[in-house]
2 protein chains.
Amino acid sequence: MEDGFDFARLAAEIGDRPRTASEFVQRALRAAILDGRIPPGTPLRQEALAAAFDVSRMPVREALRQLEAQALLDFTPHKGAVVAEISAQDQADTYLIRRALEPVAFAQSIPHLTRDDLDRAEDLISDMDREPDHGRLGELNRRFHMSLYARAGSPKLVRLVERQLIEHDRYLRFHLAMLGRDRMSQDDHIAMVKAAAGRDITAAISVLQRHIDVAAEDSARFFN
Amino acid sequence: MEDGFDFARLAAEIGDRPRTASEFVQRALRAAILDGRIPPGTPLRQEALAAAFDVSRMPVREALRQLEAQALLDFTPHKGAVVAEISAQDQADTYLIRRALEPVAFAQSIPHLTRDDLDRAEDLISDMDREPDHGRLGELNRRFHMSLYARAGSPKLVRLVERQLIEHDRYLRFHLAMLGRDRMSQDDHIAMVKAAAGRDITAAISVLQRHIDVAAEDSARFFN
DNA sequence: AATCTCAAGATTGGATCCAATCAACGATTG
DNA sequence: CAATCGTTGATTGGATCCAATCTTGAGATT
């Protein structure tokens, strides 16, 4: 294992082993790529992965194909898979897409949010305050945002937004490392829930847009 | 082959056979799903596909995995792949996403469009007028739009837009069948190029938005 | 010294075989 | 007669083996 990364440890960290080995490998790799444990540019050797996960090369190959379709890997025929690079441009694009899509989802969702949805969102804000592990903050942040968009009634749009938030996780790491969690703008999160509870779409959207814009600016300043 | 679909003919239709069998199968299936030759809900049996394409089941499996990640198939462990359903809701979502993303890409692109880009766009408009095959119209329409967004300088955004346009092809079929090509709004296409040539971003965006809105309304009325 | 050639090793792509799971159907039992 | 439980065939998931391709490095050639 001269890759410089300990794949074997990774295998143990997935709690509930899914029904298929392929999915197991896919999840473990995806999580490790998203939170930066496997750095961009790392070549992924099928044999090494198979040994680390204690499966044959076939489920590994299927997992790699799926991750490629999710733009987390670059695949070249007969050469293999490499963890996709991250870049300031890619990060900026992610914010651009979020800025275009999330307000639409939020606006559609607000009228249909239930008291339960809003409570859950507030719980997630508290969870974020308490969570010590930076790696898990990305997931909590994502679930917070998604809880506000859940009632948008546009499943495809919501799935796409979730996908962007997941890809955003690759950059959130840097954001947190450089700015600290006090800059995660929990104030914005609170304001968003409040506006949503009051069914004030205009106010909610405006907070969300500013939230994304500020994050984009912060990140752009510190990335590279 | 009691599936009711002749996969064997499909195999012959891919001109330049790609380097890997997996990619070959993937392209053929994707094209057939997008233009409706394989209807939604069709179960895709690995063995049948392998026989039709004259390869083993393994490249078929890899192709299916990729198509699943592209949301063209629904995959259930130990049950297999089924062509993803289309629906009025899904179509509406596609327009919603396009409506949010394409104006951003267009606005960013306009200042950097070259004379060549604009000429190419105009050529594609003429091509659409001349193309007799409805199936190929989708590709031409997509290439027209993409030629206008090409200089946006946000590769990730542009890729995402292209993906939406590809998925839109699944519905364009119905659009054309019911409304005929005269309703493809070539006037809008011409107006978009003209506004882009004059670097009039406001006008260009407004035409594009109306273009998408009208298409969405037409489609919503006739689908189902 | 630089470049080209080509052979050996490494790595991926594909084929075949076996195991695990699911669906359908009939037998058994209350 | 309805419901449940095996059993069997069909289908997918996974392992192993072979073929094709790429990479690397030593040696020859200029």
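In what follows, chains are A, B, ... by sequence order, proteins preceding strands, each numbered from 1. Hydrogens, waters and symmetry mates play no part in the numbers below; they use all other heavy atoms, side chains included.
For B/A21, the listed nucleotide lying nearest its side chain is C/dG14; candidates were D/dG13, C/dG14, C/dG13. In the set C/dC22, D/dG14, D/dC22, the nucleotide with an atom closest to the side chain of A/K79 is D/dC22. Ranking D/dG13, C/dT12, D/dG14 by closeness to the B/F75 side chain, first place goes to D/dG13. Here the side chain of B/P59 is nearest to one of D/dG13, C/dG14, D/dT11, namely C/dG14.
Rounding to whole angstrom units, CZ of residue A/F53 and C1' of D/dG14 are separated by 16 Å. Following rounding to the nearest Å, B/L73 (CG) and D/dT12 (P) show an atom-to-atom distance of 12 Å. Nucleotide D/dT12 holds its P atom 14 Å from the CD atom of B/E68, rounded to whole Å. Separating the CZ atom of A/R45 from the P atom of C/dG13 is a distance of 11 Å, rounded to the nearest angstrom. The distance from atom CG of A/L44 to atom C1' of C/dT12 is 13 Å, rounded to the nearest whole Å. Between B/E23 atom CD and C/dG14 atom P there is a gap of 10 Å when expressed in whole angstrom units. One can place CE of A/M58 at 14 Å from P of D/dT12, the figure rounded to the nearest angstrom. Here the P atom of nucleotide D/dA15 and the CG atom of A/L49 are 14 Å apart, to the nearest Å.
Dashed line: the shortest gap from a side-chain N or O of A/S56 to OP1 or OP2 of D/dG14 is not under 4.0 Å. For B/Q46, a side-chain nitrogen or oxygen approaches OP1 or OP2 of D/dG13 to under 4.0 Å.
Between A/H189 and A/F144, the angle of the ring planes lies from 30° to 60°, which puts this pair in the tilted group. Aromatic ring pairs are classed by plane angle as parallel below 30°, tilted from 30° to 60° and perpendicular above 60°; the pair A/F53 and A/F24 is perpendicular.
Residue side chain B/R57 reaches the base of D/dG13 through a donor-acceptor N/O pair under 3.5 Å, judged by distance alone.
The closest donor-acceptor contact from the side chain of B/S219 to the backbone of B/H175 lies at 3.5 Å or more, if one exists at all.
Here the options are B/D123, B/I125, B/D133, B/D127, the test is side-chain contact (heavy atoms from CB on, under 4.5 Å), and the partner is B/L140; only B/D127 passes.
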(request) Could you give me the CA-CA distance, side-chain angles and deciding distance for A/R173 and A/D35, then say whether salt bridge (Lys or Arg N to Asp or Glu O under 4.0 Å) is met? (result) CA-CA 7 Å; A/R173 254 180 83 243; A/D35 70 11; over 6 Å; no

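Of the two residues near DNA chain D, A/H78 and B/R61, the one whose nearest nucleotide lies more 5' is B/R61.
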